[in-house]
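Below is one structure, written out as structure tokens; comments come after it.
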Amino acid sequence: MIGKVLEWFGAPAADASGAPAVSVDAEDAARLTEKMAVLNADPYLHLVTEDRLLSVFDDLKYDRADADWMSGAMRGHAIRKLKPLGFRQVSGTVLQSAEGVRLHIPKFHAQGASPFDVTRYTPRGPYDFYLLTPTQTACWFIDVCPRQEAVERIKTLIVKQPINLYRLLDYLEKKPAHQAFEDAIGHLKFVQREAVEGDKLKRRRALG
């Protein structure tokens, strides 16, 4: 398994966050990533290892005008669950593990900001993670995956963490990858409605 995790780190992104450089050993980072899989047992968290994303549950139902942001309760829950894995908060938007792996919490800039922009303007290092809302996670999939893969990944996400599909639809951009995804919204609405009415989700309370 550790070999597979190392493969996911094979195309590192530059860390332009402005924080002091931290040397991270690839094998240490891979072992930490394996340990982080325990987070998927938490009903409020969803770890996407290959993309280095940690999504934290928001709510079961959304209004189209809802702002997509990380509430204090959502942030606090994730921080508590990450602490046993060695993460500590080093700034308002960054947690860091003993291995030097960081988890970035992108800043919420404005109520009308696109959920697609949240990771675009928050650079990270090659072994770092993002902590995102479910809707922001879905936007990541649309941006980085082929259409059908994005649909399948979002389906896996929304049966555990519903997303604001209307807000996502409103912010799809005039570029081929986004326009190709638009006709999948109807199917995803059906999948999400079934999930929300199911036993696993219907009694789950929002974190805040």
What about [X] and [Y], same hydrophobic cluster or not, with Ile/Leu/Val/Met/Phe/Trp/Tyr joined at side-chain heavy-atom distances under 4.5 Å?
{"X": "L172", "Y": "L165", "result": "yes"}
{"X": "V191", "Y": "I142", "result": "yes"}
{"X": "L169", "Y": "Y62", "result": "no"}

Just how far is it from atom [atom1] of [X] to atom [atom2] of [Y], taken to the nearest 0.5 Å?
{"X": "Q192", "Y": "E197", "atom1": "CD", "atom2": "CD", "result": "11.0 Å"}
{"X": "D59", "Y": "M74", "atom1": "CG", "atom2": "CE", "result": "9.0 Å"}
{"X": "D68", "Y": "C139", "atom1": "CG", "atom2": "SG", "result": "7.5 Å"}

Considering all heavy atoms, the nearest [X]-[Y] contact:
{"X": "K35", "Y": "L85", "value": "O-CD2, 3.9 Å"}
{"X": "G92", "Y": "Q89", "value": "O-NE2, 3.5 Å"}
{"X": "C145", "Y": "A150", "value": "CB-N, 3.8 Å"}
{"X": "V118", "Y": "K107", "value": "CG2-O, 4.2 Å"}
{"X": "P134", "Y": "P162", "value": "CB-O, 3.5 Å"}
{"X": "L201", "Y": "I158", "value": "CD1-O, 4.1 Å"}

Does the side chain of [X] reach to within under 4.5 Å of the side chain of [Y], using non-hydrogen atoms?
{"X": "T49", "Y": "M36", "result": "no"}
{"X": "W140", "Y": "V48", "result": "no"}
{"X": "V56", "Y": "T133", "result": "no"}
{"X": "L39", "Y": "K81", "result": "yes"}
{"X": "F141", "Y": "V151", "result": "no"}
{"X": "T156", "Y": "H46", "result": "yes"}
{"X": "I105", "Y": "L95", "result": "yes"}
{"X": "L188", "Y": "K155", "result": "yes"}

Would you say [X]'s side chain and [Y]'s backbone share a donor-acceptor pair under 3.5 angstrom?
{"X": "Y130", "Y": "D51", "answer": "no"}
{"X": "D128", "Y": "G125", "answer": "yes"}
{"X": "K160", "Y": "L45", "answer": "yes"}
{"X": "Q161", "Y": "S55", "answer": "yes"}
{"X": "T135", "Y": "N164", "answer": "yes"}

With [X] via side-chain hydrogen bond (donor to acceptor under 3.5 Å, both in side chains) - residues at least two apart:
{"X": "R147", "value": "D183"}
{"X": "Q148", "value": "E152"}
{"X": "K61", "value": "none"}

Test side-chain contact (heavy atoms from CB on, under 4.5 Å) applied to K175 - qualifying residues, sequence neighbours left out: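 side-chain contact (heavy atoms from CB on, under 4.5 Å) check on K175 returns R120, D143, E173, H178.
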
Between E194 and K189 (salt bridge meaning N to carboxylate O under 4.0 Å), is one present in this structure?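 Salt bridge flag = no for K189 with E194.
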
Y171 and D117: side chain to side chain contact (heavy atoms under 4.5 Å, CB included), yes or no, with the steps? CA-CA 10 Å; Y171 282 95; D117 285 342; over 6 Å; no

L54 and L132: side chain to side chain contact (heavy atoms under 4.5 Å, CB included), yes or no, with the steps? CA-CA 6 Å; L54 180 60; L132 303 176; over 6 Å; no

By the rule that ILVMFWY residues connect when side-chain heavy atoms come within less than 4.5 angstrom, directly or transitively, which residues belong alongside V94? V90

Go through L131 and M70 one step at a time and tell me if the side chain to side chain contact (heavy atoms under 4.5 Å, CB included) criterion holds. CA-CA 9 Å; L131 179 66; M70 184 73 58; 3.9 Å; yes

Verdict with supporting geometry, K83 and R88, side chain to side chain contact (heavy atoms under 4.5 Å, CB included): CA-CA 6 Å; K83 188 175 181 179; R88 63 183 180 88; over 6 Å; no

According to the ring pair (Phe, Tyr, Trp, His ring centres under 6.0 Å) rule, which pairs have a member within residues 76-98, sequence neighbours left out? Y44-H77

Can a cation-pi geometry be assigned to R204 and F57, taking NZ or CZ under 6.0 Å from the six-membered ring centre and within 45° of the ring axis? yes

